Participant: 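Starting off with a structure, shown below.
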Amino acid sequence: MTEQELKHLLQSMSLEEKVGQMVQVTGAFLEEDAVITGPAADAGLELSDCKLAGSILGIAGAKRLRKIQERYMEEHPHHIPLLMMADVIHGYRTVFPIPLALGASFHPELVEKAMTMAAAEAASAGLHVTFSPMTDLVRDPRWGRVLESFGESPWLDARMAEAYVRGYQGPDNDLSRPGRLSACDKHFVGYGAPVAGREYNHAELSEHTLREFHLPAKIAAIRAGTACVMPAFQSLNGVPCTASEKIVRNLLRDELGFEGVTISDWSAVGELVAQGAAENTREAAKLAIEAGIDIDMMSVCYARELKGLVESGEVEERLVDEAVWRILTLKNRLGLFEDPFHGAGVQEEKRTVLCEKHRDLARSLVAESVILLKNEDAVLPLDSGSRTAFIGPYVDSTDTCGSWAIFQNREDTVTLRRGVTEGGYGANAVFCHGCDVLENTRVLGFGVEEVFGQSENRDEWIREALQAAKEADRVVMALGEHTLQSGEAASRGDITIPHQQMELLRQISAVNPNVVTVVYSGRPLDLREVSACSKAVLAVFLPGTMGGAGIADVLFGRTSPGGRVSISFPWSVAQVPVYHDDYTTGRPYDPAGAEQKFVSRYLDMPNEPLYSFGYGLTYGIFRYSPVRLSAGSMGQGQILTASVTVKNEGSMAAKETVQLYLRDEKGTTVRPRRELKGVKCLYLQPGEEGEAVFEITEDLLKIWDKHMNFLAEPGWFTIYVGGDSRTENSARFRYEG
């Protein structure tokens, strides 16, 4: 449809139709014989609120969505197609590792390929928009939605944001092409910093902290072309983002230049009443439209109140027209006026979903993202000729895709046992359950409640596991959180392995010291005791459909572990937040120095995390050359290069994640000790050398100064290049300005 035709369509619509375009409801309520139940009923929605809704969410399937689209367009006064939206967070039916694990890969190019495949599957099933990526900077692992984040580094988050958007929308941002999805960056802004790590809690961020740490990934997603943005529904510095003209209109649109669609989070407009920002749903609707919210997801506010607000003159109709224009423009960019189904169909869905190419990439991304945290006495990789006992509740679990993999089928998931046996590693392996994931615990999920008691078979499972451990050369313990213990509404104050699993680990390590612990989780955990009871520790997070296959490949050395810590594993939850790019202080603590009193330190624990950002072991042994700089200084607009030569002196091929960190030695605002500013992934055979070359541009040196100007200040900088954030391999240069 041409722009002129689109303008004519908007002008011909009634106010009721326009408001309908700004309403989103769950897809089930536009199906035949729909009945309002569950969350929709809780929101107070009725079928009359849904009939002109311009978009739906939460359901998929080509046959199902084509039927809804056909019926809706037939009944709509102007036959405008629906937008179909859903949470495709890290895969549709082929589920890749959770975003936190993808961040740990430090490999945006591979992540972009994965999201291209996720888009192809979801689009074939009838979807147009995904509520992804979540680019919230996270530094508090107590928060359950750390699962959806890429970690603690603004630079890495920004690169992953770009990769996600390019993967969904294509490098040319042509949304009309089959197999493309519209991205929706979320949550704007500060949602990853809830006070005390508690879900839905308010955030308190200075403007400097907001701009320096929390905005870079958002800006990257916008510059990459994300078609939608979801404002956060928590309050930021006392004002709910959903009602903040300063956040949505001034910052997002005017300053950052975002021209796409804004959509509220689930019931966020209605929740302005509960937050105390609005007296009733009428005022909530007025605040949201004036702030710049185009689509009201799952509340009655726009559906019931917006038409009356315009007719009474309390809201200008031009605000409605602007929002509807953006919505219609997105539908047009997707090509829905020409093909309301966007290429979706049953045959295309069968051909695309869970195809071999997608499963192969998912398997390789497991190896790229799992982090080898410890490998004492080189207990890994395992020898398939030795007797290995696999023990623990995750040996046979298919519940390893995460709480946001809403379209997964459990039967598609490759378990650890399957990965070992089908990979040809299981000739001398035995498998034992050991214990359940949880015991005497109640867990709530998305409409799911699970209550775990103490199994009658508990004592027999333990006896069987202990006997297997005694007879084995090595033991692999498969332990971790329950899936519903991480994700939305899953904040935890105690981020340790569940009690009965730790007790099993203690008993097993007492009869066989050669223990390898594989940790499944949606967040960094306190692994002090796990590490003490294990010769090797492998953090696999929630690895997705091909998890068992990819983990088995790493355990037996078919591939080397490629993950690096993307959010620090705390020594204790009492340290939180603990991260690599914290500010320097006038009284720094030197752990290598003499006992010091009046310095920034704890009396009863170290300052540093148990496993620092960027850390991760491999099966290679890498030696770095000193850092080489192309010059000792650089001026305005110039580029300086930093390079190192890396040699694999080990006996196995492996990936080395070469990381560049920068320290601004003096600024008008206090600077972080070091900041990640570049990554190069080298895949080196034994004895092979590779070179990692980084360009240092003026943009990499820019900071928010004391006057809130974004610029590069003259002075000395130190560059660190190495295998993690603690490297001391460095060189200095001066920026002349």
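Everything numeric here is computed off the predicted structure, so don't read it as measured data.
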Participant: Is the closest basic N to carboxylate O distance between Asp581 and Arg673 below 4.0 Å?
Facilitator: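 No.
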Participant: Between Thr135 and Asp185, is there a side-chain donor-acceptor contact under 3.5 Å, judged purely by atom types and distance?
Facilitator: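 Their side chains do contain a donor-acceptor pair, which is all the 3.5 Å distance test asks for.
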Participant: Quickly, which of Ile495, Leu525, Leu147 forms a side-chain contact (heavy atoms from CB on, under 4.5 Å) with Ser486? Name it, please.
Facilitator: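 Exactly one candidate clears the test, Leu147.
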Participant: Could you give the distance from OG1 (Thr496) to CG (Leu527), rounded to the nearest 0.5 Å?
Facilitator: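 These two atoms lie 9.5 Å from each other.
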Participant: Is there a side-chain contact between Val88 and Trp404, using heavy atoms and a 4.5 Å cut-off?
Facilitator: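 SC-SC contact between Val88 and Trp404 ruled out.
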Participant: What pair of heavy atoms forms the shortest contact from Gly385 to Asn428, and how long is it?
Facilitator: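 That closest heavy-atom pairing would be O-ND2, 3.4 Å.
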Participant: Under 3.5 Å, is there a donor-acceptor pair between the side chain of Asn512 and the main chain of Asn514?
Facilitator: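 Checking the backbone N and O of Asn514 against the side chain of Asn512, a donor-acceptor pair under 3.5 Å is found.
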Participant: Are any side-chain N or O atoms of Thr545 and backbone N or O atoms of Val95, one a donor and one an acceptor, separated by less than 3.5 Å?
Facilitator: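 It does hold such a pair.
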Participant: Within the side chain of Lys535, is there an N or O that forms a donor-acceptor pair under 3.5 Å with the backbone of Val515?
Facilitator: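 It does not hold such a pair.
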Participant: Do Ser132 and Tyr168 meet the criterion of a side-chain donor-acceptor pair at a distance under 3.5 Å?
Facilitator: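 Short answer, yes.
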Participant: Can you confirm whether Glu529 sits close enough to Arg506 that some side-chain heavy atom of one is under 4.5 Å from a side-chain heavy atom of the other?
Facilitator: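 Yes; the side chains approach each other to less than 4.5 Å.
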Participant: How long is the span from the OG atom in Ser612 to the OH atom in Tyr579, to the nearest 0.5 Å?
Facilitator: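 Rounded to the nearest 0.5 Å, the OG-OH separation comes out at 14.5 Å.
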Participant: Check this for me: does any side-chain nitrogen of one of Glu376 and Lys374 sit under 4.0 Å from a carboxylate oxygen of the other?
Facilitator: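 Result for this pair is yes, salt bridge flagged.
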Participant: Restricting to side-chain contact (heavy atoms from CB on, under 4.5 Å), what partner residues turn up for Pro381, sequence neighbours left out?
Facilitator: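 Pro381: side-chain contact (heavy atoms from CB on, under 4.5 Å) contacts with Tyr619, Met652.
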Participant: So, Thr727 versus Gln659: side-chain donor-acceptor pair below 3.5 Å or not?
Facilitator: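 The answer is no; no qualifying pair exists.
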Participant: Minimum heavy-atom separation for Val430 to Ala468, with atom names?
Facilitator: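 Shortest heavy-atom contact: CG2-CB, 4.2 Å.
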Participant: Return yes if some donor-acceptor pair links the side-chain N/O of Ser509 with the main-chain N/O of Leu505 below 3.5 Å, else return no.
Facilitator: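 The answer is yes, because a donor-acceptor pair under 3.5 Å joins these two groups.
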Participant: Do Arg93 and Asp412 sit within salt-bridge range, that is, some charged N less than 4.0 Å from a carboxylate O?
Facilitator: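 Between Asp412 and Arg93 there is a salt bridge, with a charged N closer than 4.0 Å to a carboxylate O.
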Participant: Give a yes or no on whether the backbone of Leu156 and the side-chain of Ser153 come within a donor-acceptor separation of less than 3.5 Å.
Facilitator: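 Yes; at least one donor-acceptor contact below 3.5 Å.
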Participant: For the pair Leu102 and Met115, evaluate side chain to side chain contact (heavy atoms under 4.5 Å, CB included) and give the outcome as yes or no after the intermediate values.
Facilitator: CA-CA 11 Å; Leu102 295 178; Met115 294 310 107; 4.0 Å; yes
Participant: Are Tyr164 and Phe150 an aromatic pair by the rule of ring centers under 6.0 Å?
Facilitator: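 Under 6.0 Å, so yes.
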Participant: Parallel, tilted or perpendicular for Trp461 and His433, by the 30°/60° rule?
Facilitator: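 Because their plane-to-plane angle is over 60°, the rings of Trp461 and His433 count as perpendicular.
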Participant: For the backbone of Ser531 and the side chain of Ser534, can you confirm whether one donor and one acceptor N or O come within less than 3.5 Å of each other?
Facilitator: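 No, because the side chain of Ser534 does not come within donor-acceptor range (under 3.5 Å) of the backbone of Ser531.
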Participant: Less than 6.0 angstrom separating the ring centers of Tyr602 and Tyr589, yes or no?
Facilitator: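 Here the rings of Tyr589 and Tyr602 have centres that are no less than 6.0 Å from each other.
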Participant: With Arg198 as the cation and Trp143 as the aromatic partner, state whether NZ or CZ is under 6.0 Å from the six-membered ring centre and within 45° of the axis.
Facilitator: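 Judged by the rule, Arg198 and Trp143 form no cation-pi pair.
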Participant: Verify whether the ring centers belonging to Phe131 and Trp266 lie closer than 6.0 Å.
Facilitator: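 Between Phe131 and Trp266, the centre distance exceeds or equals 6.0 Å.
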Participant: With the threshold set at 4.0 Å, does a side-chain nitrogen-carboxylate oxygen contact exist between Glu608 and Arg726?
Facilitator: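 So Glu608 does not pair with Arg726 through a salt bridge.
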Participant: Distance only, no hydrogens: is a donor on one side chain within 3.5 Å (strictly under) of an acceptor on the other, for Glu152 and His580?
Facilitator: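 The answer is yes; a qualifying pair exists.
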Participant: Quick one: do Glu368 and Arg564 make a salt bridge, cutoff under 4.0 Å?
Facilitator: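 Answer for the salt bridge query: no.
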Participant: Which pairs count as ring pair (Phe, Tyr, Trp, His ring centres under 6.0 Å) when at least one residue sits in residues 408-432, sequence neighbours excluded?
Facilitator: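 Checked against ring pair (Phe, Tyr, Trp, His ring centres under 6.0 Å) - neighbours excluded - the pairs reaching residues 408-432 are Phe390-Phe431, Tyr425-Phe556.
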Participant: Is a donor from one side chain sitting under 3.5 angstrom from an acceptor on the other, for Tyr394 and Gln501?
Facilitator: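 Short answer, no.
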Participant: Which distance, rounded to the nearest 0.5 Å, do you find between the CG of Asp157 and the CG of Leu676?
Facilitator: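 Asp157 atom CG to Leu676 atom CG measures 10.0 Å (nearest 0.5 Å).
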Participant: Applying side chain to side chain donor-acceptor pair (under 3.5 Å), can you list everything that pairs with Thr559, at least two apart in sequence or on another chain?
Facilitator: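 None.
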Participant: A side-chain contact here means heavy atoms from C-beta on lying under 4.5 Å apart; do Tyr520 and Pro543 qualify?
Facilitator: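 Tyr520 reaches Pro543 side chain to side chain.
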Participant: Give me the ring orientation class for His187 and Phe233: parallel if the planes are under 30° apart, tilted from 30 to 60°, perpendicular past 60°.
Facilitator: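 Parallel, since the angle between the ring planes stays under 30°.
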Participant: Salt bridge check, Arg363 against Asp553: does any charged N sit closer than 4.0 Å to a carboxylate O?
Facilitator: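 Yes, Asp553 and Arg363 are salt-bridged.
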Participant: Does anything in residues 473-498 form a ring pair (Phe, Tyr, Trp, His ring centres under 6.0 Å)? List the pairs, not counting sequence neighbours.
Facilitator: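 Found Phe452-His482.
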Participant: Answer whether the closest heavy-atom distance between the side chains of Val540 and Val519 falls below 4.5 Å.
Facilitator: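 No, every pair of side-chain atoms sits at 4.5 Å or beyond.
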Participant: Taking Asp436 for the side chain and Leu438 for the main chain, is one N or O donor matched with an acceptor at less than 3.5 Å?
Facilitator: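 No, because the side chain of Asp436 does not come within donor-acceptor range (under 3.5 Å) of the backbone of Leu438.
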Participant: For Asp399 and Thr483, does a side-chain donor sit closer than 3.5 Å to a side-chain acceptor?
Facilitator: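 Side chains of Asp399 and Thr483: pair found under 3.5 Å.
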Participant: Do Asp136 and Lys218 meet the salt-bridge criterion of a basic N to acidic O distance under 4.0 Å?
Facilitator: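 Between Asp136 and Lys218 there is a salt bridge, with a charged N closer than 4.0 Å to a carboxylate O.
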Participant: Run the salt-bridge test on Lys186 and Asp87 with the 4.0 Å N-O cut-off and return the result as yes or no.
Facilitator: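 Here Lys186 pairs with Asp87 in a salt bridge, since their nearest N and O are under 4.0 Å apart.
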Participant: Ser566 and Phe613: which non-hydrogen atoms are nearest, and at how many Å?
Facilitator: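 Residues Ser566 and Phe613, closest heavy atoms: O-CE1, 3.3 Å.
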Participant: Can you sort out the partners of Asp473 under salt bridge (Lys or Arg N to Asp or Glu O under 4.0 Å), two or more places apart, ordered by chain and number?
Facilitator: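 By the salt bridge (Lys or Arg N to Asp or Glu O under 4.0 Å) rule, Asp473 matches no residue at all.
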Participant: In the structure I gave you, are the side-chain heavy atoms of Val146 and Arg139 within less than 4.5 Å of one another anywhere?
Facilitator: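 Result no, sub-4.5 Å side-chain heavy-atom pair not found.
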Participant: For the side chain of Asn375 and the backbone of Val379, is there at least one donor-acceptor N/O pair under 3.5 Å apart?
Facilitator: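 Judged by distance alone, yes, a pair lies under 3.5 Å.
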Participant: Would you say Arg492 and Glu481 make side-chain contact, with heavy atoms under 4.5 Å?
Facilitator: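 They are in side-chain contact.
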Participant: Does any N or O in the side chain of Tyr611 come within less than 3.5 Å of the main-chain N or O of Pro570, such that one atom is a donor and the other an acceptor?
Facilitator: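 Pair absent, no side-chain N/O of Tyr611 close to backbone of Pro570.
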Participant: Any chance you could measure Thr398, atom OG1, to Arg410, atom CZ, to the nearest 0.5 Å?
Facilitator: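 Those atoms lie 4.5 Å apart.
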Participant: To the nearest 0.5 Å, tell me how far Glu439 CD sits from Glu503 CD.
Facilitator: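 If we round to the nearest 0.5 Å, Glu439:CD and Glu503:CD are 10.5 Å apart.
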Participant: Test your reading of the model: is there a side-chain donor-acceptor pair from Ser397 to the backbone of Pro393, 3.5 Å cut-off?
Facilitator: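 No; zero donor-acceptor contacts below 3.5 Å.
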Participant: For His202, what residues pass the side chain to side chain donor-acceptor pair (under 3.5 Å) criterion, not counting sequence neighbours?
Facilitator: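 If we apply the side chain to side chain donor-acceptor pair (under 3.5 Å) test to His202, skipping adjacent residues, there are no hits.
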Participant: Could you measure the distance from the CZ atom of Arg359 to the OG atom of Ser364? Nearest 0.5 Å is fine.
Facilitator: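 Here the interatomic distance stands at 13.0 Å.
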Participant: Would a 4.5 Å heavy-atom cut-off, applied to side chains only, mark Cys432 and Val395 as touching?
Facilitator: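 The answer is no, as the side chains (C-beta and beyond) never meet within the 4.5 Å cut-off.
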